[in-house]
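Everything on this sheet refers to the single structure shown next.
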Amino acid sequence: MYESGYPFNMLSSELQDFLSKLFKEIPDPVMIGFYTELLDSLARDVRNGACGYHHRILLQCMSHNCPKTVHSKEVTNKLQSLITDSVARTKECVALLWCLQMIPRNKLDTKLKVWFTCMLPILQTKKTERPVQDYILKCLENVVSEITDSNETIELGPSDFFGYFDLVFSPNSNLFPHVQVVLMELLEEIKCFAFSSNADKRLRSFFPSLLIRLQHCSAKQKTVVLEYLLECLQQDAQCWLLWQQMFGKHLNNSVTLLEHIHDNWNIVIKTANKAALKQTLNYLMVTLTPSSGKTKMKENQRRALELCSDMNHAIGSPLKGALKLALLVMLVVSAAYVLHDVKEFGSFQASRTGRIYSSFLQHESVVQLYDTAKVYGAAVHKHGMTHVPLLMEYIYAICNSVCSTLALFAVFLQTNFNYLIENKDEIAKQMKAAAVDAGERGYGLIKSLATPENMEWAETTALKYMELCKEYWSWALEHMVQAAAAGQASAVAFYGSAQEFVINNFINDPVTLDRLKEWLLTFSTFVQETAVHFYNTARNATLAN
C-alpha cells in the first residue's frame, strides 16, 4: 500500500514548489490532455516492467495543485477504462487504482463514493489476483477508519449498500476467503453509514429490498436481514405501511419477519411505535381472515394469523383499562352505599349491611371455622405467654395501636362523608366556580407562554432531554448486563457453598435426634434474644417520648 504522499514527498522542497507553480499556470484543457496521457504512459510502463515513479510524481503534483483537472469527466472516464482493461494484470491494475484513490483528496464522502462506484464493481464481476483485492480492501479500511475518526455523517444510498451487502453474503463470489471475512467485519460500519443519517425518513428506502432478501438466503444472512428489518420498523414508522403493501406478495418472508418479532417481543414492544404496530397487526389479521365461503387456509397463512393474534393480544386491549375502571367504580359505589346505609339506620348493626354481616357470621360453617381459629389462637397465646411473654406483650401493644388508628380513621371517614352529603349543592357550586377560574387562568397562562420563541426553546430542550435520556438508557443497559453477570457468578458461588454445606452436615455426618434438639435449642434462643432486643428498643423509645 503506497503512502499518501509517496513518491512526491521524496523530492526537495524547491523542486516541489517549482512543479506546483508550473502546473498552476497551464490552462485546464491542456492539463486534462496531459493528465490522460500520463495515465496511458504509467499503465504502459508498468505493463512493460518499469517502475513509473516519474509518472507518479507528476500525477501526484497535478492532483494536489489542479483539482479541476483530476475531477473532470474526461479523466474519470479514462481512468475507469484503463482499470477495466488492466484487471488481469496485477501491477498495472494496482498502479491505476492508486491514481483513482487520489481523486477525492480530503473529502471523505467522495472517497467512499469513489470506492463504491469504481472499486466495488471490480470485486463483484472480475476475477482478480490477490494483490488487487488486498489493495481494494485496504483502501476501504482506510476510508472507514478516517470517517470513524472524524465523526462525519456520511450518506450511503441503497444501491451502494445492497451491492456491498450481496457481495459479502454471496456464496459464489470471486473473493479470497480472508477478503470476504474482512468485508463481513466492516459490514456494521457500512450499515451505520447507510442507516444513521435521517434514519426516521431514509430507512423506508431500504426496507423493501431487505424484505425481498429474506427468501433463499443462508441462516447467517437471514439473521442479519431480520436485525436490519427490525431496526427499520423501530426507527421509521413509514416502514409499517410498506410492509402492509408488500405482505400479500411476499407472504413467506413476512411470516419469517413475524416470527422474529414474536421471538423478540419484549424488545419490540418497548422500542417500536405501538400505534403503527397495532394498526399493522389488525390489517394483517383482516387480510388473513378467510371469508365466510372460504374455509381452507394455507399453512403459512394460518401461521401468520396465529402470530398476529398472539401479538395483538399481548399489546393489550382498551377493554383491560375499562375493566379496571369498572372495578374501581364498583368499589367506590359499594363503599358509598355502605356509608349511606349506616347513616340512614343510625348504626352499623341496624343497617341492612350489618344484618347481612350478622347472618353471615351466624352461619354454621363460619361458626365452626371461628371456633377452630379461637382454639388455635388460645393455644398460641398460652404457649407464647409461657415461653416468650415479652414478645407477646409487644405484639399485643402493636395490634391495639393499629386497631385504635383504624377506628379513628373510620370515624373520620364517616364524619366527612356526612358533611359531603349535607352540603353537596354548595360544594358542587364551589367546584364549578373553581374549575371555571382554573380554566381561564390556565388558558391565559398558555396563551402568554405560547410564543414562537418559547415554543422553539421548548422543542430544543425536549430534543436535548431525549438525547440525554437515550445516553443514560444505554449506560443503564450496559451496567444491567454487568450486574446480571455478577449476580449469576454470585448465584453459582452460593449454590456451590450450599451444596458443600449440605454434604458436610447432612450426608457425610448423619442427622441424629441429639443434633436436632441442639439445632432447635439454638434457634429458640436466637429468637428469644432477638425479641427481647426489639422489645427493649421499643420500650426505651416510648419512655424517651
Side-chain angles (χ1 to χ4, degrees), residues 1-122 126 128 131-132 135-136 138-140 142-143 146-147 150 152 154-155 160:
M1 185 72 180
Y2 295 106
E3 297 179 4
S4 58
Y6 182 83
F8 184 69
N9 57 5
M10 301 300 293
L11 301 179
S12 62
S13 57
E14 293 81 3
L15 184 54
Q16 291 181 16
D17 295 338
F18 172 76
L19 291 175
S20 300
K21 292 179 181 179
L22 177 64
F23 286 137
K24 287 180 180 179
E25 296 175 356
I26 301 175
D28 291 337
V30 178
M31 290 296 294
I32 292 174
F34 183 45
Y35 196 95
T36 55
E37 182 63 28
L38 284 175
L39 291 175
D40 283 326
S41 301
L42 176 62
R44 184 172 54 254
D45 288 353
V46 174
R47 189 186 314 135
N48 295 330
C51 61
Y53 280 161
H54 55 293
H55 296 102
R56 299 179 194 275
I57 292 173
L58 295 176
L59 290 170
Q60 266 189 323
C61 184
M62 293 174 67
S63 65
H64 292 169
N65 297 282
C66 308
K68 290 184 179 180
T69 300
V70 182
H71 293 164
S72 63
K73 187 176 181 180
E74 294 84 350
V75 171
T76 306
N77 292 339
K78 180 67 175 179
L79 192 52
Q80 290 183 355
S81 175
L82 291 172
I83 292 175
T84 303
D85 295 338
S86 64
V87 167
R89 299 181 290 273
T90 302
K91 294 183 178 180
E92 182 180 348
C93 184
V94 171
L96 292 171
L97 288 174
W98 174 81
C99 298
L100 181 65
Q101 192 185 6
M102 290 191 301
I103 291 180
R105 290 294 302 282
N106 296 324
K107 296 183 178 180
L108 298 179
D109 55 343
T110 310
K111 282 186 177 182
L112 192 65
K113 185 65 177 177
V114 166
W115 191 92
F116 276 93
T117 304
C118 303
M119 297 188 183
L120 180 61
I122 298 176
K126 305 294 183 181
T128 54
V132 176
Y135 186 86
I136 294 176
K138 191 63 178 178
C139 290
L140 177 62
N142 289 343
V143 175
E146 291 179 13
I147 295 174
S150 67
E152 183 177 339
I154 303 295
E155 292 188 3
D160 293 333

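Quantities reported herein were computed from a predicted structural model and do not represent experimental measurements. For the single chain, residues carry numbers from 1 onward in sequence order.
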What one should report as the nearest heavy-atom pair of Trp98 and Tyr135 is CA-OH, 3.2 Å

Minimal heavy-atom distance between Ser86 and Cys93, with the atoms involved, is O-CB, 3.3 Å

Applying side chain to side chain contact (heavy atoms under 4.5 Å, CB included), can you list everything that pairs with Asn77, at least two apart in sequence or on another chain?
Lys73

For Leu97 and Cys139, what are the C-alpha separation, side-chain angles and deciding distance, and is it a side-chain contact (heavy atoms from CB on, under 4.5 Å)?
CA-CA 9 Å; Leu97 288 174; Cys139 290; 5.9 Å; no

Rounded to the nearest 0.5 Å, what separates atom CZ in Phe116 from atom CG in Leu140?
6.5 Å

Salt bridge (charged side-chain N to carboxylate O under 4.0 Å, His left out): pairs with one or both residues in residues 29-46, sequence neighbours excluded
Asp40-Lys78

Taking every non-hydrogen atom, the tightest pair across Ile26 and Leu22:
CG1-O, 3.4 Å

Nearest-0.5 Å distance, CG of residue Leu59 to CG of residue Leu42
6.0 Å

Going through the checks in order, is the side-chain contact (heavy atoms from CB on, under 4.5 Å) test met by Asn142 and Lys111?
CA-CA 10 Å; Asn142 289 343; Lys111 282 186 177 182; over 6 Å; no

Mind checking what makes side chain to side chain contact (heavy atoms under 4.5 Å, CB included) contact with Ser150, not counting sequence neighbours?
Leu108, Glu152

Between Thr90 and Pro131, the two heavy atoms sitting closest are CG2-CB, 3.5 Å

I need the Leu112 CG to Thr117 OG1 distance, nearest 0.5 Å.
9.0 Å

Would Val143 and Val114 count as a side-chain contact (heavy atoms from CB on, under 4.5 Å) if you check the C-alpha gap in whole Å, the side-chain angles of each, and the deciding distance to 0.1 Å?
CA-CA 10 Å; Val143 175; Val114 166; over 6 Å; no

Partners meeting side chain to side chain contact (heavy atoms under 4.5 Å, CB included) with Pro29 (sequence neighbours left out)
Pro27

With rounding to the nearest 0.5 angstrom, report the CG to NE2 distance, Leu38 to His54.
8.5 Å

Distance, nearest 0.5 Å, that separates CG of Leu96 from OG of Ser81
10.0 Å

Could you note down all residue pairs passing salt bridge (charged side-chain N to carboxylate O under 4.0 Å, His left out) where residues 80-91 supplies at least one of them, sequence neighbours left out?
Arg89-Glu92

Calculate, to the nearest 0.5 Å, the distance between atoms CH2 and CD1 belonging to Trp115 and Ile136 respectively.
7.5 Å

